[in-house]
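Each remark here refers to the structure printed beneath this line.
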Amino acid sequence: MNATGTLVGETGRRSGARVAGVGALGAGVLAAALGATGLSAALDDVVHRGLASLHPPLPATSTVVLGIDRANPWPWPNGRLADLLDRLHGNGVRGVALDLPIQAGDSSGSEGDARLARTLFDHRVVLGVALVPQAEGPPRALLPPVEFADAARLGHVLLQPDRDGRLRQHPSQVLATDGIRWTSLPLALVQAGSLDGRGGRKPPERWRIGPVDAAPTTLRAADALAGQIDAKRLQGRWVLVGLVDPALQSPVPGPYGSPSLYPIEYQAQALAALLQGETPRPLPGIAQALLSLLLAGGTVLVGMAGGGRDWRMPIALLGGVAATIALCGWLLTRQWWFAPGGTLAVFTFALLAWTTTVLRQRARARQPIPGLAKRRQLDAALQAARNAARPHALLLVEAGTTPTRDAGEADACRFAQLLGARARRPGDVAAYLGEGRFALLLPGTPATAAESILEDLRQQAASRQPPLSIQGRVHACDASACDCPGWIDPGATVAQPASWSAAQQAAPGAPSHGATHSGPRQ
């Protein structure tokens, strides 16, 4: 290869490397942005549910929800609520939490208030504390009446939905405007109900609620009060009492695409995850962004190393998908959660873009240009020359602005007129190979004459308005052998076809079968 051809090839490689670098960086930044903004949360849900299905089922949870519905609507007298707590204690429950708007001085009078306060203290009950979000700063705590708050443990019942309204994370501790760091209702219930001082790993300040294999059972509180629930269904269980009346409490979207849940049922889901030890905490934001950047950017960079036109890109993308899911699963075993949705979304988009590009290129390659032969017609003419042992010359030309960019359809049609005018003799064949690549078969033409024709084509193209920039090579075959098909292979370019490269490695400095070449001249 001459110096000009080497320079053109090196320029093309550098340009391709820059394009690959920019594409990889853009893919990484996009993946990090999608994960940080939560726009890919739906894909996170799919991955989380899929990974959860790979693990063996967890033991059945010992959590029961007692709902107060519209059949026996709230408010209940405080004395009646005390009767319910006494009934649950007699059934041998392990602990009780109330997420109810309890008020003092109701219809049961001071005697009912005193009974409820005493029952709360005797049975180690946990009361829910509503945290009202403020426009600025921490939320504000709404405490139960003081006589009840002093008799029970307290736990917040704040629900913090994601951007799409679904509840996927549970805040185990929240700092309020009063300066108190409130423990959540499920965590306070476990701490209050453990007579042996429950040990184990300290729960994180925030954990993700995953799919629960054995969802907590929801029963009617009125049935429990009337003794219509078998005591075995309550014995040794953690019980949460709350509203399941849509007129008083609106359901909230469940975690990971599950049906809507009442707030008390969501608290039960969080409690079940805590009891099962499945409390993965999200990776810090900077770690999430770096992992997304490395996974998405690195995969796209590997895929574009071959110019993004061969099968390296889809193979790299599929490998990136597998690596992302494997990393997510490995982190879950360490109780860390990495949001893979943004990275997987970028992989999906890149795979669709690659598929669309390849299909368009192939369709464009099959689209004939008026006045030029197709690839199969050129192959037939080459085979006829080979069978007849006729010497011939083959011109390979690319028309485009730069050596690394395909010519547009307009440029291809303009250059086709010049090339077609050169196929003057009956045996000459001017063909379009696709992607801005052309070929001109000249039987009985020596290499020097073919070089002159190539130079004349270059000058005519440069004189057009707007000018066309072309680069080309000449391959001449004698009567003994022909290796032209290797030069027009779809994977070869006029800058360095596979057959020319192989010939130079086999015999440096000596052309193969009279092959010559010509790069773009300055």
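Numbers for residues simply follow the sequence, beginning at 1.
A heavy-atom distance below 4.5 Å is found between the side chains of Thr324 and Phe338. Using a 4.5 Å cut-off on side-chain heavy atoms (C-beta onward), Leu85 and Arg115 make no contact. Looking at heavy atoms from C-beta onward, Pro161 lies out of side-chain contact with Val252 at the 4.5 angstrom threshold. For the pair Leu98 and Leu81, the minimum side-chain heavy-atom distance is below 4.5 Å. Inter-residue side-chain proximity for Leu43 and Pro340 is flagged as unmet; no heavy-atom pair is nearer than 4.5 Å. Between Val241 and Asp99, the closest side-chain pair of non-hydrogen atoms is not below 4.5 Å. In this structure, Asp113 and Glu111 have side chains that are not in contact, with every pair of non-hydrogen atoms separated by 4.5 Å or more. A 4.5 Å side-chain heavy-atom check between Thr343 and Thr299 finds every atom pair outside the cut-off.
For Ser40 (side chain) and Gly342 (main-chain N/O), a donor-acceptor pair under 3.5 Å exists by modelled atom type. Of the possible polar contacts, none joining the Asp69 side chain to the Val244 backbone as a donor-acceptor pair under 3.5 Å is found. Without hydrogens or angle criteria, Arg208 side chain to Trp337 main chain gives no donor-acceptor distance under 3.5 Å. Looking at Gln249, its side chain never comes within 3.5 Å of a backbone N or O of Pro246 through a donor-acceptor pair. Of the possible donor and acceptor atoms, one in the side chain of Gln134 sits under 3.5 Å from a partner among the backbone N and O of Val132. A side-chain donor-acceptor contact under 3.5 Å links Asn78 to the backbone of Gln103. Remark: the backbone N or O of Thr279 is paired with a side-chain donor or acceptor of Gln335 at under 3.5 angstrom. With hydrogens and angles ignored, the 3.5 Å screen pairs a side-chain donor or acceptor of Asp164 with a backbone N or O of Arg166.
The shortest non-hydrogen separation linking Pro144 to Gly128 is CG-O, 4.1 Å. A pairwise comparison of heavy atoms in Phe148 and Leu120 identifies CB-CD1, 3.9 Å as the closest pair. Minimum heavy-atom separation, Ala31 to Ala296: CB-CB, 3.7 Å. Between Arg281 and Pro204, the shortest heavy-atom contact is CD-CB, 3.7 Å. Between Thr183 and Gln191, the shortest heavy-atom contact is CG2-OE1, 4.3 Å. Here the closest non-hydrogen pair linking Gly23 and Met304 is CA-SD, 4.4 Å.
When the side chain to side chain contact (heavy atoms under 4.5 Å, CB included) test is applied to Ala141, the partners found at least two apart in sequence or on another chain are Val129, Leu131, Ala176, Asp178, Trp182. Applying the side chain to side chain contact (heavy atoms under 4.5 Å, CB included) test to Leu30 and every residue at least two apart in sequence or in another chain returns Leu34, Val346. The side chain to side chain contact (heavy atoms under 4.5 Å, CB included) search around Ser184 returns His156, His170, Ser172, Pro186, Leu187, not counting sequence neighbours.
Summarising the geometry, atom CG belonging to Leu66 is positioned 6.5 Å from atom CG belonging to Leu234; distances are rounded to the nearest 0.5 Å. Here the CD-OG1 distance, from Glu136 to Thr177, works out to 13.5 Å after rounding to the nearest 0.5 Å. Taking CG of Leu301 as the reference point, atom CG of Leu294 lies at 11.5 Å (rounded to 0.5 Å). Here the straight-line distance linking atom CG of Leu116 with atom CG of Asp86 works out to 10.0 Å at 0.5 Å rounding. Distance check: Leu327 CG to Leu331 CG gives 4.5 Å after rounding to the nearest 0.5 Å. One distance of note links CG of Leu261 with CG of Leu167; it measures 8.5 Å at 0.5 Å rounding.
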Query - Stepwise side chain to side chain contact (heavy atoms under 4.5 Å, CB included) test for Gln160 and Leu158 - result: CA-CA 6 Å; Gln160 294 181 331; Leu158 178 66; 3.4 Å; yes
**Report entry** Worked verdict on Arg168 versus Asp44 for salt bridge (Lys or Arg N to Asp or Glu O under 4.0 Å)
**Finding:** CA-CA 10 Å; Arg168 299 182 179 88; Asp44 294 338; over 6 Å; no
Requested in this report: Determine, step by step, whether Tyr266 and Leu159 satisfy the side chain to side chain contact (heavy atoms under 4.5 Å, CB included) criterion, reporting the C-alpha distance in whole Å, the side-chain angles of both residues, the deciding distance to 0.1 Å, and the verdict.
Outcome: CA-CA 9 Å; Tyr266 169 78; Leu159 303 180; 3.0 Å; yes
Query - Criterion side chain to side chain contact (heavy atoms under 4.5 Å, CB included) on Lys232 and Arg237, from CA distance to verdict - result: CA-CA 9 Å; Lys232 293 182 179 180; Arg237 302 295 182 96; over 6 Å; no
Requested in this report: Could you give me the CA-CA distance, side-chain angles and deciding distance for Glu265 and Thr218, then say whether side chain to side chain contact (heavy atoms under 4.5 Å, CB included) is met?
Outcome: CA-CA 8 Å; Glu265 293 175 322; Thr218 300; 3.0 Å; yes
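Using modelled atom types, one finds no donor on one side chain facing an acceptor on the other under 3.5 Å when comparing Asp122 with His89. Side-chain contact, Arg206 with Gln173: no donor N or O sits under 3.5 Å from an acceptor N or O.
Within a 6.0 Å sphere centred on CZ of Arg334, heavy atoms belonging to other residues, nucleotides or ligands number more than 12.
Judged by the 6.0 Å distance and 45° axis criteria, Arg80 is positioned over the aromatic ring of Trp76.
The aromatic rings of Trp354 and Trp311 lie tilted to each other, with the angle between the two planes from 30° to 60°.
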